[in-house]
Structures are given as structure tokens and as C-alpha cells.
Amino acid sequence: MSNNISVPDIGDFESVEIIEVLVKVGDQVKQNDPVVTLESDKSSVEVPSPFSGKILELNVKVGDKVSKGSLLAKLEDEGSKQNDPKKNLSSAKNEFVEDNKLQISNSNKIPKKKLIQASSKDDLDPIETREWIQSLNAVIENDGPARASYLLNKVISEAYTAGLVLPDTRTTPYINTIPPELEIKSPGDQNIEKKIRAYIRWNAAAMVVKANKISSELGGHIGTFASAATLYDVGMNHFWRAKNKNFGGDLIYFQGHSAPGMYARAFLEGRISENQLDRFRQEVDAGGLSSYPHPWLMPKFWQFPTVSMGLGSIMGIYQARFLKYLINRGLLKDEGRKIWVFLGDGEMDEPESLGAIGLAAREKLDNLIFVVNCNLQRLDGPVRGNGKIIQELEGSFRGAGWNVLKVIWGSYWDPLLKADKTGLLMKRMNEVVDGEYQAMKAKGGAYVREKFFGKYPELKELVSSMTDNDIWKLNRGGHDPHKVYAAYHSAMKNQGSPTVVIAKTVKGYGMGKSGESINTTHQQKKLDEQDLLYYRDRFNVPLTDEQVKNIEYYKPAESSEEIKYLKERRKQLGGFIPERSSLSEPIKAPPKDIFESFMKSTGDKEMSTTMALVRMLTNLLRDKNVAPRLVPIIPDEARTFGMEGFFRKIGIYAHEGQKYEPEDSEQLSSYKEEKSGQVLEEGITEAGAMSSWIAAATAYTNHDIEMIPVYIFYSMFGFQRVGDFAWAAGDAQARGFLIGATAGRTTLAGEGLQHQDGHSHILASMIPNCVSYDPTFSYEMAVIFREGLRRMHEKNENVFYYITAMNENYSHPQKPEGADEGILKGMYLFKEYKNKGKIKIQLLGSGTILREAIAAAKILSEEYGVDSDIWSVTSFNELRKDGMEIERKNLLNPNNKKEKTYIEKCLEKRDGPVIAVSDYVRSFSDQIRPYTRKSFYSLGTDGFGRSDTRKNLRKFFEVDKEHIVAYTLSALATEQLMGSASAEKAIKKYNIDKNKAFPTKL
Ligand SMILES: Cc1ncc(C[n+]2csc(CCOP(=O)(O)OP(=O)(O)O)c2C)c(N)n1
Ligand SMILES: [Mg+2]
């Protein structure tokens, strides 16, 4: 029996062209193997075979036009069933049920918590209140917390039904989430850990103070790590598992300006020398330590650049999501690895910090743990003087669906809270604002007695037997290793949601008058002798006064119990952290034939470079080495770029699969979500998409697997929108492709000022390891893309590619013989006009405007007798890099024969001035001006964009063929290579308005 393979529902398109036939008669195909590729004027899509079997008959050829239902081929049936979307659906449903089970069983783990008795002046009937509370306690006692929660939920539903206004439940009281009786105790030796922490604190402060003795230019921070030392130490001693050959490793995003603390620990571990500590922030001669976590500067140490506030948060979230993606796609095994992200409370104001917490909850990222160090201060002063940052954050995270663990009070508070039968202490804790809490830690025990406890006589009485010093010792949760341990332990166990540990600390903890909890703490980097002696005494660091005055570091002997303990703990946890390494295998670059079709002329067929790129990616999905590693990342623009064919072909990643039958399920490009889906369809979040890209682009080091991320976006919403992420990507040594689509100021016609990009290449050029290209033709795109794959993913060079792709359709010529090298270096000779032989110009063009230059050259030759060499400049940026480097070399070697820049080699034997044109601002092409050693005129798109047709826009910005002709003739007159009459004639002929203002002023 035979089966027909016909064109399925292809959406809105009628009569689309077949551009590839991927099977022959006699071929054995499997279900879902591609049979033909169809291309509309916007996108290309493969038609998969609905069955397995042998091709009996082919009914179409390349160039044929087909519509829904057209017969493509006949297949000898092998009895395989058609792809059943309903089947996928039911498996997704099963997963859903499983997930729900997880949540239900989780809810059994709600900690048993005794409610305290409530009483206040607002309570009209305290006896009744007590009865309610006693009933609840009885249910918890007898039937367990699950039953108690059930009953409460029922009561709440009833209350809503009765129209009661219920209290806002986003926040819980201002006490620790985990009650003392449910705290899991640390198995560590607290005495030794305390000593280790003291030495780390000391050394971290000493390195900053020492550096600033060398020069106050060097800067540094003491107060941040001083507040966070316990939060880090507990993780290092008990939780964070390093990467080694048996385990992938937990990933820790350290708060950027707490870096001295990490160096100080690495010093005790023997990984960083005293000499290096002495070189904190003195990196210019090798061997110094970088100010903040910078993998570029310390590539074997730091993993994540975090110091630009807010980036760590969102990059950590997408890192956790990408880890799940790799696991769900079967590329990594699930080892229960965790991503920990340390953040400052001030930092949480960055939109990026909270911007993706919804995604983290939605994706059920239980591999993610945030620790927000709430020392209540930022740089200038309090984070929320009039409010409570911890409560505010709790509300945001709980509202988003996170597991929130507040660690507010240290163990010294436990007996007081226990003794507080009326709830008054908790009431006082709730009503004091952060500005007051900060002042209390700056002003001592007597002040706290008066201001905090003194408000209510009962509370004053509660602490009457305590000395001021006892009151001063009432510690904050983030400084109590027991509380921190219990929270981390609970965070590690949590399933089904991400966790945030919100810890309350004191900024500049231990710094005393010089910087504890005072508004200027953040920038305190100098401690005088008295301050240092105080700091030593506060933490019992065994240094003599003399040693303190000399600001010596403290490191006990290798045989000491502290060093042995510290090393043993790390050994148990698999090695040191942070440490950066890569064990990934390179990916073999695909054979040339994958790209071969792009090297040929497209004849009359018109297409955009975006379409060419999408076709290239489709071809790459047929390469067995590359296909599984490709990570297409799209921020809700797949249809804009003609990539909807990817949805069905490789699926959209969705950790819960697809729980619904998509509206377009019958169509070839239907919206298919899958647990093992490959496309990261990010929705409208450039920051999120970029964070995904960075996670994939650094998978070679963080997960030891080389991935090939290709993030495609509107070029205007690229570097301009997420420039700081791109900079961090460079620091992190990302490898992957950024594709700025719909690029150019005049090429994206109708969209107007905010969409039209005339400068993304300039922004790209600022990132030292970003290689950028503005290709015109599909063969240029193919040569560049292939080389990118080879350099980054086969040769593992630490560069990333930015390539612009356009949406203008035109036909593409065949690749000129031997053009490859020039395409990659940045320019090659595309065409020469040498019929007249007298006057000549060098016409340089990039992107779509090269085509205007080509058209102008024809006019100049035919109508004005001007010859030209037309150069396709694929990268002004790469040419500039070469120019700068060679020029520097020549200047440094005045005795030697001058080396030539690549541009010079291209142009030295060519006559005439240079006219350089692009769809970007003039400074893009101006970059190469000094290296051409010729008179140089640039035309570009300086000014705000606006909506109009391409033709009108190019006229407005004066980059159309008519302006190129007129300006060229005028330049030739300026150069005295011809008279001015021709230029005047052309200006008149093309109606060029000499009185029009310069476009930047319009
Ligand atoms: C994007 C960005 N803006 C500003 C800064 C400068 N800066 C560094 S630390 C800091 C204050 C940080 O306060 P917080 O997040 O509370 O951290 P803490 O030191 O208190 O732990 C500021 C404003 C920066 N690093 N990044
Ligand atoms: Mg802070």
C-alpha cells in the first residue's frame, strides 16, 4: 500500500515555492524526516514526512509552487502511525498530575509551628480569640499541619464568600520563618568555624586597608563582606559542592563587592598567596587580584561577573532555567545541582533584580537559591529608612510564588521571643522601621534598651535583668551561623519552587565607630590603628599590636586545626569554590556543503539576509554534531524573522510539556511546546533572553558542554537595550551568536524612530572580544557564520559574534572567486568599473547600502565616465581593529620597515578618493579613515529615524544611489580630479535640496 505525502496546512500562505527537495526516489525516510523545504517571501519551512517508508514517487521539483494539499511524494507504507498530537497532550497531562502530586506531598512538610497567644487592645473578646487559637493548636497537634492548613483554607474561602475584607497576607510577622524548635542544627565545630571566620574577616579588611595605603586611588570595600561573612562561611563549610570529575558543581554568584572575602578564604586554602593579597586591585602587572568578580581578568577563579547591580540576579535565574533545559533535553544528567545567588538589599531596587522572579517561580526552579543580604544600607544610606526592606521583599517573592525563608533574629533573641506571651515583642519588631534598626546598631545597648524596648513598659521589664552589653549582643539572624545553617538546609530540601533566604545583618559588622551601621560604611576603606586594634579584638584575631600596626595577614600553620578543618570541609564538598575550568569537548565545524547552496547566485529569486540565516540554521539542524547543540533564542519575534518553522520542527522548550491542544495544531508551523523542546521562546524580555544566551554561551565552563546559542532580536533592542549584559558576556568569555535582525536605519522602513538602528555596530565595537559583521549577501553571511562556528566552537576562541541581518528582499550574486579571506577580514573587491580609465573612486559599502553603492557605480560609469572599485565592507569594526594594531606596532618599531594594515594592502594600488557608505552613522565607517591613507568621505544615517518607505528614508539620510552619485562627483571636484559642473548638474538632476538641514537637526 502507498501513502501520499501532501502539503499540510501552511497557515496564510498560498502557492509557495519549493526551494529544496531533500529526498530521492528509493530513499528510506523515517517519520518526521524533512521531505522538501518551502519558502514564502518571509520564511522557509520544512515539510516532514508523516510516515516512515520508502519514497516510491516524487511529484515535485525545486521551483514548483505548491499550496495546501498539493501532492509532494508517494511513500511505500511501513505501517507507522501518523504523529498524534493528542498523544503528546496526554503525556503532558500526566506530567501535570505528577507535578501536582509533588506539591501535595510537599505540603506535608510544612513545619509544625505553635501559634502564640494573641492579645491586643483591638481584641474585643480575648477569651474567644484564645479558643480559636487553642482549637487550631489542637488540630495541629492531633491531625497534623496538612489538616490545619485545609481547615484554615476552608474558613478563608467562607470568609471571602461572606464578603469579609481579609488581611493582606503577602507578608508574615517580622520574625524568622523557621521557628527555633524546627531548626536543623549544624554538624560543624562552631568554635573552629568562628575562628576561621575571624581570620577571613581580618584578612579581607587588611587587604583593602593595605591597598589604600599604597594609593587611595585603589579603593575597595570592607563593610559589605563584614556584613555577609557568616552567610558565605556557612555555605562554604557545609553546602556548596565544587565541580569535580564526579559532580557538575553548584554555581555561586557572589555579590560583586564582597570579593575581598573570597580572596581571604582562598588565601587560607592556600590558593592565593600573600603576595597576591598585597596586590589587591593592582592588576596591570600580572598577578594582581581584580576588584570584583571578573572571569576575564582571573579566568581560573571567577565564574560570574556580578558587580553591575542587578545582573547577577537575572543571570542566576536564567542559569538555573538553562540547567533544567539541559537536563530536560537529555544533555546533562540531573545531579541536584544548585545555583546560589548573593545579592545586596540595595541592589534589589534594580529592575533586573526582581524582573524575572515570576519566571523562576513559573518554571519551578527549585535548583535556585537567592540569598539577599539585608544589612539595611546601600551606598548613601538606608535602603528603606521609613519602611522594612525584608518585609517588602518577602511580599514580592511570596507573591511571585517563591519559598521565602526570613532569617531576621539570631539565637540570643529566642528566649525573649519565647517569653513574650502577649505578642508585644513581635508587635514592636513589626513596628520599628529600618532607619531605626540601623541607628540602633550604630549606637549601642543602652540606646536599644531605651528606643526599642523602652516604648512599652512590658518590654522594658522583659530585658530588665540584662546588661546593656547583653542587649547589644542580641544578634541578627544573618550573623548567627545556626540560623543561617537551618535556613540553607531548608532551602536545599525545598521542592517545586525557588527559595529566597532573606537575612538581616549589620553593614560593617565589627567595624565599631569607624564603620558599623553608619551611613558612610559602604565606602570605608581606610582604618586607622585604633580601628584595626578594635577590629582585631572584636574577633579575637591572634595578632600582636605590632602585627596589627603593620597590617599583617593572619594565617595559622598548615598543621593547625583551623586550616585542617577548612581544607577537610572543602574536600568533603568536592574541591574549592570559586574555581573556573572547562572540560567540554569542541564541536566539529560542519562540512562545507552545508553552506554550499548559499555561495551560489539566487538568480531572480529575492530574499533577505535574515531568510538566508534562518535557512542556514535549518540546514545546520541536519548536521549531527551541531544540531543538538544549537540553542535558538527568540524574544517573541519568531514570526517577524520567519522562524515559526522551528516551533514544530524542534519544539519550544516548556518544562511542563504542552497541556493544551494548540489552536493551530493542524498547521505545519503549529505552536508546539515540549519538555525536550530546543527553542527558547523567551517572550518579551530582552534582558531575560540575553541572560539565557549568556548561560548557554558559557555552558562550556559552567556545565562542561559546548553549546551554540543563537539569539535573534530586533537590532535596536540589542546592545542599546542590554549593553551592560553584553559587556558582562565579554567578561564571562561567552561564545555564541548575537543576530541583530531588521537592522539598519533605513532598511527597517515603516517602524520609525525607536526601531531604526543606525548605531548597534558602534556599540558592538566597544566590546573587545565581540567580532561584528554587517554583511550584504547570503554568501557573506554563510562564510561569516561558518567561521564563527569554527573559531568559537571548534577552536574554542573566547570571542562572540554580532552579525546584522536585514529584512530587505533582493537577489544575491554568486560568491566572487577567492572572496572568503576578505569577507572575514572585513573587505573584499566586489566589482571593478574600468572602462573609461581616467577618473577613479574607491566605493566602500556595507549592509544593504552596498547595493545603493553598486547602483551608483553604474550611473557614475555610464553617465559621468567615472570608474570605480566597489568594495564590500563586511566589517568596518574588524578593519579598524587591524588598523589600530598595525599602526601601534609600527609606532613602537620606528627602525623597522612599516607593516601595512589590511586596508592599506587593499587600497594602496588603487586610485581615487574613498567614498564610504553604510546604513549606520558616519562614525561607523569613519573608523577606518586614518588607515586608508586617502581622502575619505563618509555618508551615513546620523539622526533620529522616522517611518517612511525605504526609498524616502534613504533620500532623507542621503545614502541612496542618487546622493552617492552627487556627493561622489562633488568629492572629485574637491579633490580637483574633475570640474564642479557635473556635481552641480547631478544635484539639480536629483532634486537635492541644498538648504535642507543636516538630518541630526531634523
Ligand atoms: C548598576 C550599578 N549601579 C551602581 C553601582 C555602584 N554601587 C556599588 S555597591 C552599591 C551599593 C550596594 O548596596 P547593597 O546592594 O545594599 O549592597 P551592600 O554593600 O549593602 O551589601 C552601589 C550603588 C554598581 N555597582 N552597579
Ligand atoms: Mg545593603
Side-chain angles (χ1 to χ4, degrees), residues 201 204-205 208 218-232 253-262 281 290-294 302 304-316 340-355 370-385 387-393 396 407-408 433-435 437-439 441-442 476-479 484 500-511 515-525 687 690-691 721-729 731:
R201 281 179 185 285
V208 176
L218 295 176
H221 303 88
I222 302 170
T224 297
F225 179 71
S227 71
T230 307
L231 300 174
Y232 286 116
Y253 288 68
F254 295 102
Q255 204 186 343
H257 44 290
S258 63
M262 309 314 132
R281 293 192 172 218
S290 60
S291 48
Y292 303 117
H294 292 303
W302 293 119
F304 306 108
T306 48
V307 77
S308 178
M309 312 263 101
L311 301 195
S313 165
I314 190 167
M315 288 196 296
W340 291 72
V341 183
F342 279 77
L343 300 156
D345 48 356
E347 180 176 13
M348 297 314 289
D349 281 344
E350 291 283 3
E352 292 87 350
S353 296
L354 290 173
F370 271 18
V371 181
V372 187
N373 174 18
C374 293
N375 53 27
L376 313 186
Q377 290 176 243
R378 50 189 179 207
L379 192 151
D380 285 339
V383 174
R384 293 287 183 276
K388 286 230 259 302
I389 186 66
I390 292 180
Q391 298 300 86
E392 189 182 318
L393 291 173
S396 301
V407 186
I408 302 179
V433 293
D434 282 356
Y437 276 123
Q438 183 198 334
K441 278 298 174 193
R476 292 195 176 163
H479 293 298
V484 175
V500 58
V501 176
I502 308 180
K504 184 168 176 169
T505 62
V506 179
K507 192 145 177 170
Y509 185 70
M511 288 169 77
E516 188 155 348
S517 206
I518 57 177
N519 277 341
T520 51
T521 302
H522 190 79
Q523 280 164 312
Q524 183 60 279
K525 55 191 179 177
M690 192 65 187
S691 299
R721 181 79 181 226
V722 293
D724 208 18
F725 286 94
W727 188 250
D731 188 352

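The first residue in the sequence is number 1, and the count goes up from there. As the structure lists them, so they are numbered: ligands from 1, and atoms in each ligand from 1.
Although no hydrogens or angles enter the test, the distance criterion places a donor-acceptor pair under 3.5 Å between the side chain of Gln377 and the main chain of Ile518. Remark: the backbone N or O of Val506 is not paired with any side-chain donor or acceptor of Ser517 at under 3.5 angstrom. A donor-acceptor distance shorter than 3.5 angstrom exists from the side chain of Arg281 to the backbone of Leu218, with no hydrogens or angles considered. Remark: side-chain polar atoms of Asn373 are not paired, donor with acceptor, to backbone N or O of Thr505 under 3.5 angstrom.
Here 3 is the count of protein N, O or S atoms positioned under 2.8 Å from the Mg ion (ligand 2), waters not counted.
In terms of N/O distances under 3.5 Å, ligand 1 is not approached by Val383. The shortest N/O to N/O separation between Asp345 and ligand 1 falls below 3.5 Å. Residue contacts with ligand 1: Gly346 is placed with a nitrogen or oxygen under 3.5 Å of a nitrogen or oxygen of the ligand (distance criterion only).
With respect to Phe370, the side chain to side chain contact (heavy atoms under 4.5 Å, CB included) criterion is satisfied by exactly one of Leu343, Ile502, Val501: Leu343. Here the options are His522, Gln524, Gln438, the test is side-chain hydrogen bond (donor to acceptor under 3.5 Å, both in side chains), and the partner is Lys507; only His522 passes.
Side-chain contact between Val500 and Val372 is present, with heavy atoms from C-beta onward closer than 4.5 Å. Within the 4.5 Å cutoff, the side chain of Lys441 has heavy atoms near those of the Arg476 side chain. A 4.5 Å side-chain heavy-atom check between Leu393 and Cys374 finds at least one atom pair inside the cut-off. Between Thr230 and Tyr509, every side-chain heavy-atom pair lies at or beyond the 4.5 Å cut-off.
Listed by number with element, the atoms of ligand 1 under 4.0 Å from a non-hydrogen atom of Lys507 are 18 (P), 19 (O), 20 (O). Each of the atoms 14 (P), 15 (O) of ligand 1 lies under 4.0 Å from some heavy atom of Glu347. Less than 4.0 angstrom separates some heavy atom of Ser308 from each of these atoms of ligand 1: 1 (C), 26 (N). Near Arg378, meaning under 4.0 Å from one of its heavy atoms, ligand 1 places the atoms 13 (O), 16 (O). Counting the atoms of ligand 1 from 1 in the order shown, those under 4.0 Å from a heavy atom of Val307 are 24 (C), 25 (N), 26 (N).
Ring pair His257/Tyr292 is perpendicular by interplanar angle, where above 60° counts as perpendicular and below 30° as parallel. The aromatic rings of Phe342 and Trp340 sit parallel to each other, their planes meeting at less than 30°, with 60° as the upper class boundary.
Less than 4.0 angstrom separates atom 6 (C) of ligand 1 from none of the non-hydrogen atoms of the protein.
Close to ligand 1: Gln255, with a non-hydrogen atom less than 4.0 angstrom away.
With a 4.0 Å cut-off on non-hydrogen atoms, His221 does not touch ligand 1 at all. Under 4.0 angstrom from ligand 1, the non-hydrogen atoms of Asn375 all belong to its side chain.
The protein heavy atom nearest to atom 19 (O) of ligand 1 is Thr224 OG1, 2.6 Å. The nearest protein atom to atom 2 (C) of ligand 1, hydrogens excluded, is given as Met309 CG, 3.4 Å; this is a heavy-atom distance. The single protein non-hydrogen atom nearest to atom 22 (C) of ligand 1 is Leu379 CD1, 3.9 Å, given as residue, atom name and distance.
Arg384 and Asp349 are joined by a salt bridge, as a carboxylate oxygen and a charged side-chain nitrogen come within less than 4.0 angstrom of each other.
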